[in-house]
Amino acid sequence: MLCKPIFFFFTMGYFFIIAHSVSAQDQRVADSLVTIYNENTVRGQEKLELLRNLSFNERSDLEKAIRYADELITLSKELNNDEYLYRGYYQKGDKNIAIGNLEDAIEALFQSAEIAKKIKKKDKEGSSYVAIADIYGISDNHKNAMLYYHKAIAVLRKSDNNITLASAILNAGDALLIKKEYDSALVYFKESSAIFEKADYQIGKAYNLGNIGMVYANQGQNSLAEKNILEAVKILEELEDFYPISVYLLSMSDIYLEKGNRDAAIDYAERSLSLGIEYRLKEQISDANLKLSELHEKVGNPEASLKHYKDFVVYRDSLNNIKSVQSMADIRTNFEVSQKQVEVDLLNQQKRNQLIILGFTGVLLLTLFWYYRTISREKKRSESLLLNILPSEIAKELKINGKVEAVKCDTVTVLF
């Protein structure tokens with residue numbers, strides 16, 4: 001049995017782009033702000049915050065949340081406000097992930113990462129990288145997923161946002177769990193768990209419990225798996241966070257199927273499907289229908305099995321083209337690698353130029369030294385020659401003045 005991990009940042013990601021005083025989405029907040037939005041009386045910074053709040057808290061209609069995010073992006077550009085521009089792109093990316101529009105999501109998230117880097121916000125930059133890695137993870141592009149998880153973790157370790165760091169580590173563990181690298185996944189889960197425990201962060205604890213439960217499920221330790229997953233579901237129900245519940249319910253369905261309790265397995269899968277339909281979670285609807293198709297086939301109900309399989313195909317095909325996302329990933333990665341190579345080549349050229357300059361300088365210094373030595377040697381020879389043919393006083397005067405004043409002598413002796 002392979003239980004599918006849940007990507008932590010899909011829900012947690014909402015929390016990291018707003019003030020720390022806000023702890024979770026609340027549809028009631030969005031509903032209460034719609035009246036103010038429709039009145040169209042606020043301007044400037046207040047309008048930006050209103051749109052941010054609406055996009056963040058709108059949960060019942062995710063497409064409406066995306067429209068709020070688009071409006072936030074447009075207004076942020078007009079007001080030249082990079083902080084809210086980041087938030088607009090991040091919300092657009094995050095909401096598109098939730099409804100399965102992965103191409104739109106990844107494009108918006110790369111924009112948010114660039115803006116965060118520009119304004120030097122490490123926690124925001126890291127958040128964008130985690131969400132990008134999540135998309136590559138669900139696109140089955142493990143290489144790029146781990147590349148961006150590690151990139152996110154490295155950036156976030158330089159920030160003071162431990163909750164974001166913990167979510168990045170947990171999601172990296174999820175990616176390893178998908179590849180059945182259970183021991184490595186648990187190492188990541190344990191580190192993230194320690195951070196969540198220290199911060200007493202309930203939703204983080206819930207996700208951690210659920211993911212560890214799925215590790216146990218994959219290892220065949222069903223009792224431990226059930227215990228952890230049910231604890232996670234209990235916390236998430238209190239927090240009204242339904243996306244992960246639908247995934248964990250499918251894991252419970254797998255556990256009870258292995259136990260031979262097909263009725264309980266079908267019940268958990270149907271609960272997962274209901275949540276997916278209620279909150280328009282395409283991927284969960286698709287997965288739950290596939291699971292129910294398999295279960296009804298096992299219990300000898302071919303009509304129900306066929307119906308759920310048809311629904312599975314419909315929702316599977318409604319999700320964005322995964323190959324397109326993978327292609328975008330490879331193009332983006334290749335571009336970044338080429339950019340790095342350009343930087344390396346430039347650095348190497350600079351080093352070569354420095355070596356050329358140093359070499360030229362060395363040759364010049366050696367030449368000057370040789371010239372000085374030669375001049376000094378010739379100077380000494382000239383002085384010696386002068387002393388051989390002239391009296392020392394005359395030679396000295398000639399050296400100093402370049403000429404010699406005539407001297408009158410009453411008597412001279414000339415030798416031949």
Side-chain angles (χ1 to χ4, degrees), residues 1-11 13 59-63 65-66 93-106 131 134-142 145 171 174-175 177-179 207 210-211 214 217-218 229 233 236 241-257 262 265-299 301-326 328-329:
M1 172 182 65
L2 176 61
C3 292
K4 180 180 180 181
I6 181 165
F7 286 92
F8 183 73
F9 215 78
F10 285 179
T11 303
R59 301 172 66 185
S60 62
D61 189 342
L62 295 177
E63 286 165 353
I66 293 171
D94 199 63
K95 301 298 183 180
N96 271 296
I97 291 175
I99 63 175
N101 294 333
L102 301 184
E103 287 185 65
D104 291 342
I106 203 165
D134 288 343
I135 294 176
Y136 290 150
I138 62 175
S139 303
D140 198 28
N141 193 324
H142 182 71
N171 277 21
D174 289 337
L177 177 54
I178 289 174
K179 293 297 180 181
Y207 274 85
N211 281 277
M214 286 192 285
N218 281 287
I229 290 173
V233 169
L236 291 167
D241 190 0
F242 300 107
Y243 165 79
I245 293 175
S246 66
V247 177
Y248 291 143
L249 289 174
L250 284 183
S251 296
M252 292 299 299
S253 177
D254 284 332
I255 291 169
Y256 276 96
L257 180 61
R262 293 177 177 175
I266 290 173
D267 180 63
Y268 277 111
E270 286 179 344
R271 285 172 60 187
S272 177
L273 178 60
S274 296
L275 280 176
I277 292 172
E278 183 177 356
Y279 294 99
R280 302 174 67 185
L281 305 171
K282 290 182 181 179
E283 187 180 5
Q284 284 60 59
I285 295 171
S286 176
D287 290 345
N289 273 305
L290 180 60
K291 178 61 62 180
L292 284 166
S293 176
E294 295 170 353
L295 290 169
H296 281 294
E297 183 181 7
K298 289 180 184 295
V299 298
N301 190 345
E303 290 183 3
S305 176
L306 180 60
K307 176 186 177 301
H308 283 295
Y309 188 77
K310 286 181 179 179
D311 289 341
F312 156 70
V313 171
V314 169
Y315 280 95
R316 178 198 63 189
D317 292 344
S318 71
L319 295 172
N320 271 29
N321 192 325
I322 297 301
K323 289 184 179 179
S324 177
V325 175
Q326 289 175 322
M328 289 174 64

Asker: What's the spacing between Ile178 CD1 and Asp140 CG if we round to 0.5 Å?
Answerer: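 That separation rounds to 7.5 Å.
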Asker: Can you name the closest pair of heavy atoms from Ile99 and Asn101 and give their distance?
Answerer: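 Minimum heavy-atom contact is CD1-ND2, 3.1 Å.
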Asker: Starting at OG of Ser286, measure out to NE2 of His308 and round the result to the nearest 0.5 Å.
Answerer: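 If we round to the nearest 0.5 Å, Ser286:OG and His308:NE2 are 13.0 Å apart.
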Asker: To the nearest 0.5 Å, tell me how far Asp254 CG sits from Glu294 CD.
Answerer: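 Going from CG on Asp254 over to CD on Glu294, the span is 8.5 Å.
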Asker: Can you list, pair by pair, the side-chain donor-acceptor contacts under 3.5 Å of residues 268-280, counting residues two or more places apart and other chains?
Answerer:
residue : atom : partner : partner atom : Å
Ser272  : OG   : Ser246  : O            : 2.5
Ser274  : OG   : Glu270  : O            : 3.0
Arg280  : NH2  : Glu63   : OE1          : 3.4

Asker: If you round to the nearest 0.5 Å, how far is CE of Met252 from CD1 of Ile245?
Answerer: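 Those atoms lie 13.0 Å apart.
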Asker: What's the spacing between Leu236 CG and Ile229 CD1 if we round to 0.5 Å?
Answerer: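 So the CG of Leu236 and the CD1 of Ile229 are separated by 11.5 Å.
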Asker: If you apply the rule side chain to side chain contact (heavy atoms under 4.5 Å, CB included), what do you find for Asp241 with Tyr207, and how did you get there?
Answerer: CA-CA 10 Å; Asp241 190 0; Tyr207 274 85; 3.2 Å; yes
Asker: Carefully, step by step, assess Asp104 and Ile66 under the rule side chain to side chain contact (heavy atoms under 4.5 Å, CB included).
Answerer: CA-CA 11 Å; Asp104 291 342; Ile66 293 171; over 6 Å; no
Asker: Side chains of Ile285 and Asp311, heavy atoms from C-beta outward: is any pair under 4.5 Å?
Answerer: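 Heavy-atom side-chain distance check fails, nothing below 4.5 Å.
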Asker: Please report the closest heavy-atom contact between Tyr136 and Ala145, naming both atoms and the distance.
Answerer: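 Where Tyr136 meets Ala145 most closely, the heavy atoms are CB-N, 3.7 Å.
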Asker: What verdict does the side chain to side chain contact (heavy atoms under 4.5 Å, CB included) test give for Asn211 and Tyr248, after you've listed the backbone C-alpha separation in whole Å, the side-chain angles of each residue and the deciding distance to 0.1 Å?
Answerer: CA-CA 9 Å; Asn211 281 277; Tyr248 291 143; 3.2 Å; yes
Asker: So Arg262 and Leu295, side chain to side chain contact (heavy atoms under 4.5 Å, CB included) or not? Walk me through it.
Answerer: CA-CA 7 Å; Arg262 293 177 177 175; Leu295 290 169; 5.6 Å; no
Asker: Only counting residues at least two apart or in another chain, list the ones meeting side-chain contact (heavy atoms from CB on, under 4.5 Å) with Ser60.
Answerer: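 Per chain and number, Ser60 pairs via side-chain contact (heavy atoms from CB on, under 4.5 Å) with Gln27, Glu58.
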Asker: Quick check for you: to the nearest 0.5 Å, what is the distance between Leu281 atom CG and Leu62 atom CG?
Answerer: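 Here the interatomic distance stands at 7.5 Å.
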Asker: Between Asp287 and Lys291, is the closest basic N to carboxylate O distance under 4.0 Å?
Answerer: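 Between Asp287 and Lys291 there is no salt bridge, as every charged N stays at least 4.0 Å from the carboxylate O atoms.
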Asker: Kindly give the heavy-atom pair with the smallest separation between Ser305 and His296, and that separation in Å.
Answerer: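 Result for this residue pair: N-CB, 3.7 Å.
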